[in-house]
Amino acid sequence: MEPVARKILVVGGNGFVGSAVCKAALARGFQVTSISSSGRPYMTPKGHSPAWTSKVTWQKADALDPSTYAHLLPETTAVVHTLGTLLEDASYKAALKEGDMFKLFGTLASNFLGTGESNPLRDPAEQGAGYDLLNRDAALQVCQAFVSSVSSTLLAHPRPFVYVSAEDIFRPFISPRYIDTKREAEQGIARLTATNPAYRGVYVRPSLIYHPHFRPLTSPVAALLDFSATVHANAPPNLPTPSKILRALAGAGGSGGGSRTSGLETTAVHPSALHSVANALEIPPVHVDHVAEAVCVCADGEREDVRGVVGVKEMRRLIGWVEKGRDGEVEAMGG
């Protein structure tokens, strides 16, 4: 019996994370199809299409309208959902891509002060899809369509639905609706896959995702957060570190540290933003290529052991990050 071809569908494959997933999946032998609202191949910030993009099937589809991609699902062995937005004003993505610091800070400031495009009195078409649609509803729509499809090939393992979620590290600078909708999506996917043994849900929770060349503005922040995480990880147990102080002020019990291990259950968001800041101080940032590698491991049909929440620590374990050593991470940060 010939081995079944591994076919992965990447929702949002021409975006920052999605394109890295497409590239990593090709390197691992997957046949890759991307769907996005434009259907255009990925292009670098300088407008170039890398050679690997010619090996991806680029399709135009609407994640909220299953009729535009349902025909692709029977032959798909894994789905990776990378759509999402950190701010409802999506102009921050262009600022990051272009390395425009002033535009980025302006967008962040308007979001923090509540003067951005998230005004509920504006027409939805003007203010963008919003957290509910992009972070939650689109993922649940795709997952529902996936679990409702019938595989065209007899598979020996459950078909994975991998959702790129996030660690809770951005409050109070980012609206709590960002992380709330991420957790709501996880819970919805868990319900959709729990009663169907032919599918498994995986929720990959990266921290700050950076790339020194494609998103240069993230590198300085990533370097600082990596230093903070290293200091906290090596601090004596009885030392009152900044994160411990913040958790105490927030009334958080236990050691905290975000979702660092793999588990079947999603966790509720702590009500205090201080807990989120403590997470940011403790959890190291992740290079987008490492996120993509971890996602591809999760999307491997034979990895039935990978289910539920996959935090940063588990992501690193899955890709053999310890064996790779920290030199590669530091080099990547320095560009």
Practice item. Please answer whether the main-chain N or O of Pro74 pairs with a side-chain N or O of Ser152 as donor and acceptor at a distance below 3.5 Å. Key: yes
**Study point:** Check: Thr76 side chain, Lys7 main-chain N or O, donor-acceptor pair, under 3.5 Å
**Key:** no
**Study point:** Results of ring-ring contact (aromatic ring centres under 6.0 Å, His included) for Tyr42 - residues two or more places apart only
**Key:** Trp52
**Study point:** Ser276 versus Asp168, side-chain donor and acceptor atoms under 3.5 Å
**Key:** yes
Check your understanding: Any sub-3.5 Å donor-acceptor pair from Asp226's side-chain atoms to Ala222's backbone N or O?
Key -> no
Practice item. Could you note down all residue pairs passing salt bridge (Lys or Arg N to Asp or Glu O under 4.0 Å) where residues 192-201 supplies at least one of them, sequence neighbours left out? Key: none
**Study point:** Parallel, tilted or perpendicular: ring planes of His211 versus Phe214, cut at 30 and 60 degrees
**Key:** parallel
Practice item. Would you check, one step at a time, whether the test side chain to side chain contact (heavy atoms under 4.5 Å, CB included) holds for Lys55 with Val32? Key: CA-CA 8 Å; Lys55 301 177 183 178; Val32 183; over 6 Å; no
Check your understanding: Judged by modelled atom types alone, do Thr193 and Arg307 share a side-chain donor-acceptor pair under 3.5 Å?
Key -> no
Exercise for review: Could you tell me whether a side-chain N or O of Asn135 sits under 3.5 Å from a main-chain N or O of Thr85, the two making a donor and an acceptor?
Suggested key: yes
Check your understanding: Just checking, is any N or O donor in the side chain of Asn279 or Arg247 under 3.5 Å from an acceptor N or O on the other one?
Key -> yes
Practice item. Taking atom types as modelled, find out whether Glu304 and His157 have a side-chain donor-acceptor pair closer than 3.5 angstrom. Key: yes
Review point. Just wondering, are more than 12 heavy atoms of other shown residues or ligands nearer than 6.0 Å to NZ in Lys244?
Key: yes
Study note, to complete from the structure: Distance col, row Leu83:CG vs Leu133:CG, nearest 0.5 angstrom, shows 11.0 Å
Check your understanding: Taking all atoms of both residues into account, what is the closest heavy-atom pair of Ser151 and Arg159, and its distance?
Key -> N-NH2, 3.8 Å
Point to revise | Reference residue Glu167; test side chain to side chain contact (heavy atoms under 4.5 Å, CB included); the match among Ile283, Leu208, Val286 | key: Ile283
Review point. If only atom types and distance count, is the side chain of Tyr210 paired as donor or acceptor with the main-chain N or O of Pro216 below 3.5 Å?
Key: no
Check your understanding: Given Val142, which of Val79, Leu64, Ile35 fulfils the side chain to side chain contact (heavy atoms under 4.5 Å, CB included) condition?
Key -> Val79
**Study point:** Option passing side-chain hydrogen bond (donor to acceptor under 3.5 Å, both in side chains) with Ser165 (candidates Glu186, Arg205, Lys182, His81)
**Key:** Glu186
Practice item. To the nearest 0.5 Å, tell me how far Tyr69 OH sits from Asp62 CG. Key: 8.0 Å
Check your understanding: Quick check: does any side chain N or O of Thr82 sit under 3.5 Å from a backbone N or O of Val11, one acting as donor and the other as acceptor?
Key -> yes
Revision key, fill the gap. For Arg6, the salt bridge (charged side-chain N to carboxylate O under 4.0 Å, His left out) test, sequence neighbours excluded, returns Asp300
Exercise for review: Taking all heavy atoms of Ala299 and all of Val80, pick out the closest pair and write down the distance.
Suggested key: CB-CG2, 4.2 Å
Exercise for review: Applying salt bridge (charged side-chain N to carboxylate O under 4.0 Å, His left out), name anything that partners Arg303, two or more places apart in sequence or on another chain.
Suggested key: Asp305
Check your understanding: Tracing side-chain links under 4.5 Å among I, L, V, M, F, W and Y, which residues wind up in one group with Val231?
Key -> Phe227
Practice item. Please identify each residue that fulfils ring-ring contact (aromatic ring centres under 6.0 Å, His included) with Tyr199, with sequence neighbours left out. Key: Phe146
